[in-house]
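Below, chains carry the letters A, B, ... as their sequence lines are ordered, and counting in each starts from 1.
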Protein chains: 2
Amino acid sequence: MGISKTEIFTDQQNEISVFAKVFGHPARVAILQHLFKIDTCVCGDLVNEIGLAQPTISQHLKELKHLGLIKGSIEGTRVCYCIDADNWTKMKHIMQEFLDQDVSAKADCC
Amino acid sequence: MGISKTEIFTDQQNEISVFAKVFGHPARVAILQHLFKIDTCVCGDLVNEIGLAQPTISQHLKELKHLGLIKGSIEGTRVCYCIDADNWTKMKHIMQEFLDQDVSAKADCC
DNA sequence: TTGTTTCATTGCAATATTACGATGAATTAA
DNA sequence: TTAATTCATCGTAATATTGCAATGAAACAA
């Protein structure tokens with residue numbers, strides 16, 4: 001139905017999928033990589049850096065902010081966005097625990 | 001337009017987002033965790049393990065298989081699925097490189 | 001004040017995803 | 001052969017996502 005039945009999954013499974021979903025669009029990956037690369041950033045720079053319209057970038061920034069991965073502060077008419085280091089680290093541990101699952105030799109049965 | 005403009009992003013950005021997207025649904029996270037937990041698996045077990053209909057599980061398995069993260073072999077009337085260890089490792093390195101980006105102290109400007 | 005800049009929000013169209021009933025294909029059992 | 005089992009595929013409905021033009025809100029400049 002286009003809606004995920006989140007209630008039948010564990011909190012951990014839902015948390016992993018929520019973080020993964022936000023990385024599931026190349027524009028948001030590009031935004032995060034750009035924020036990592038430079039030290040200070042404003043939304044306008046991102047519109048130039050990435051080839052999407054300003055409302056589209058703003059929408060992607062909103063999603064990243066909603067998950068706590070970035071934070072923004074108003075600087076006059078501009079808005080300064082950057083990575084939220086603490087929340088990024090927390091997310092990283094959750095994702096790495098999922099990615100680091102070991103495959104036993106026996107598992108390779110097919 | 002509901003379609004990602006993949007052509008304006010780098011191959012690396014697109015690759016990260018494609019892997020992330022497949023983890024962006026709790027059912028697929030649950031399927032992978034189950035395949036890691038037990039050593040051999042058939043689709044029917046997954047339908048019982050996860051509370052979704054058989055065609056839905058089959059559809060999620062198809063997406064995981066398409067990315068090469070799992071592989072399946074026919075065993076009579078059943079199909080045995082398991083993690084593709086090599087491809088999982090490759091994917092893990094790509095995702096970890098993205099997650100492991102360092103945040104400089106200066107970046108925390110907001 | 002008026003205009004300018006910058007970013008957020010609204011509204012909408014196009015497309016993608018999720019879920020499942022019905023059905024099909026392949027194998028096994030009787 | 002016929003029936004049963006198992007999983008894939010088809011078709012479709014409900015919902016979500018993506019993208020942008022138009023517009024709004026807030027701060028600054030003249």
Visitor: Could you tell me whether F23(A) and F98(B) have their ring centroids closer than 6.0 angstrom?
Guide: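 Yes: the rings meet the under 6.0 Å criterion.
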Visitor: Only one of N14(B), V18(B), D11(B), I8(B) passes side chain to side chain contact (heavy atoms under 4.5 Å, CB included) with P26(A); say which it is.
Guide: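 The residue from N14(B), V18(B), D11(B), I8(B) that satisfies side chain to side chain contact (heavy atoms under 4.5 Å, CB included) with P26(A) turns out to be N14(B).
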Visitor: Return the nearest nucleotide to the side chain of H25(A); candidates are dG19(D), dA19(C), dC20(C).
Guide: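 Output: dG19(D).
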Visitor: Taking atom P of dC7(D) as reference, at what distance in whole Å does atom CG of L46(B) sit?
Guide: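 From L46(B) CG to dC7(D) P: 9 Å.
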Visitor: Out of dA22(C), dC7(D), dT18(D), which nucleotide sits closest to the side chain of P55(B)?
Guide: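 For the P55(B) side chain, the nearest candidate turns out to be dA22(C).
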Visitor: Taking only the side-chain heavy atoms of V42(B) (C-beta and beyond), determine which of dT18(C), dC7(C), dC7(D) contains the nearest atom.
Guide: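 For V42(B), the side-chain atoms sit closest to dC7(D).
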Visitor: I want to verify a distance call: between dC20(D), dC7(C), dA19(C), whose nearest atom is closest to the T56(A) side chain?
Guide: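 From the listed options, dC20(D) comes nearest.
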Visitor: With a 4.0 Å limit, can you tell me whether Y81(B) has a side-chain N or O closer than that to the phosphate oxygens OP1/OP2 of dA8(D)?
Guide: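 Yes.
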Visitor: Nearest whole angstrom, please: distance from the C1' of dT17(D) to the CZ of F23(A).
Guide: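 So the two atoms are 18 Å apart, to the nearest Å.
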Visitor: Can you tell me if K21(B) touches the phosphate of dT17(C), counting only side-chain N or O atoms and a distance under 4.0 Å to OP1 or OP2?
Guide: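 So the side-chain polar atoms of K21(B) do come within 4.0 Å of the phosphate oxygens OP1 or OP2 of dT17(C), strictly under.
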Visitor: Does a side-chain N or O from S58(A) land closer than 4.0 Å to OP1 or OP2 of dC7(C), or not?
Guide: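 For dC7(C), neither OP1 nor OP2 has a side-chain N or O of S58(A) closer than 4.0 Å.
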Visitor: Given atom CD1 of I57(B) and atom C1' of dT6(D), what is their separation to the nearest angstrom?
Guide: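 These atoms are roughly 14 Å apart.
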Visitor: Determine whether the side chains of Q13(A) and Q33(B) contain a donor N or O and an acceptor N or O closer than 3.5 Å.
Guide: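 Yes, a side-chain donor-acceptor pair sits under 3.5 Å.
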Visitor: Considering only heavy atoms from C-beta outward, does the side chain of Q96(A) approach that of D100(B) to under 4.5 Å?
Guide: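 A side-chain contact exists here, since the closest heavy-atom pair is under 4.5 Å.
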Visitor: Will you find, in the side chains of Q59(B) and T56(B), an N or O donor that is under 3.5 Å from an N or O acceptor?
Guide: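 Not at all, the side chains of Q59(B) and T56(B) share no donor-acceptor pair under 3.5 Å.
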Visitor: Scan L52(B) against the nucleic acid and name what it touches under 4.0 Å (heavy atoms): base, sugar-phosphate only, or nothing.
Guide: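 Result for L52(B) = sugar-phosphate.
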Visitor: Quickly work out the L64(A) CG to dT17(D) P distance and round it to whole Å.
Guide: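 From L64(A) CG to dT17(D) P: 14 Å.
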Visitor: Whether the side chain of Q59(A) and the base of dA8(C) hold a donor-acceptor pair under 3.5 Å is what I'd like checked.
Guide: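 Answer is no: no donor-acceptor pair is held.
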Visitor: In whole Å, what is the span from the CG atom of N14(B) to the P atom of dT18(D)?
Guide: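 Nearest whole value for this atom pair: 13 Å.
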Visitor: Under 4.0 Å from OP1 or OP2 of dT18(C): is there any side-chain N or O of R28(B) that close?
Guide: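 R28(B) to dT18(C) OP1/OP2: side-chain N or O found under 4.0 Å.
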Visitor: Tell me the closest heavy-atom pair linking I57(B) and C43(B), and the distance in Å.
Guide: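 Smallest heavy-atom distance, with atoms named: CG2-SG, 4.1 Å.
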Visitor: Q54(A) CD to dC7(C) P: how many Å, rounded?
Guide: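 Rounding to the nearest Å, CD of Q54(A) and P of dC7(C) are 7 Å apart.
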Visitor: Mind calculating the distance between NE2 (H60(A)) and C1' (dT9(C)) to the nearest angstrom?
Guide: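 That distance rounds to 16 Å.
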Visitor: I'd like to know whether W88(A) forms a ring-ring contact (aromatic ring centres under 6.0 Å, His included) with F36(A), so could you lay out the CA-CA distance, the side-chain angles of the two residues, the decisive distance to 0.1 Å, and finally the verdict.
Guide: CA-CA 11 Å; W88(A) 183 269; F36(A) 272 114; 4.9 Å; yes
Visitor: When all nucleic acid strands are considered with a 4.0 Å heavy-atom cut-off, which category describes V47(A): base, sugar-phosphate, or nothing?
Guide: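 It contacts nothing in the nucleic acid.
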Visitor: Write out a two-atom table: protein N or O, nucleotide N or O from nucleotides 24-30 of chain D, distance below 3.5 Å.
Guide:
none

Visitor: When rounded to the nearest 0.5 angstrom, what distance separates CD1 in I83(B) from CG in L35(B)?
Guide: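 Answer rounded to 0.5 Å: 4.5 Å.
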Visitor: Which whole-number value in Å describes the distance from K65(B) NZ to dT9(D) P?
Guide: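 Nearest whole value for this atom pair: 8 Å.
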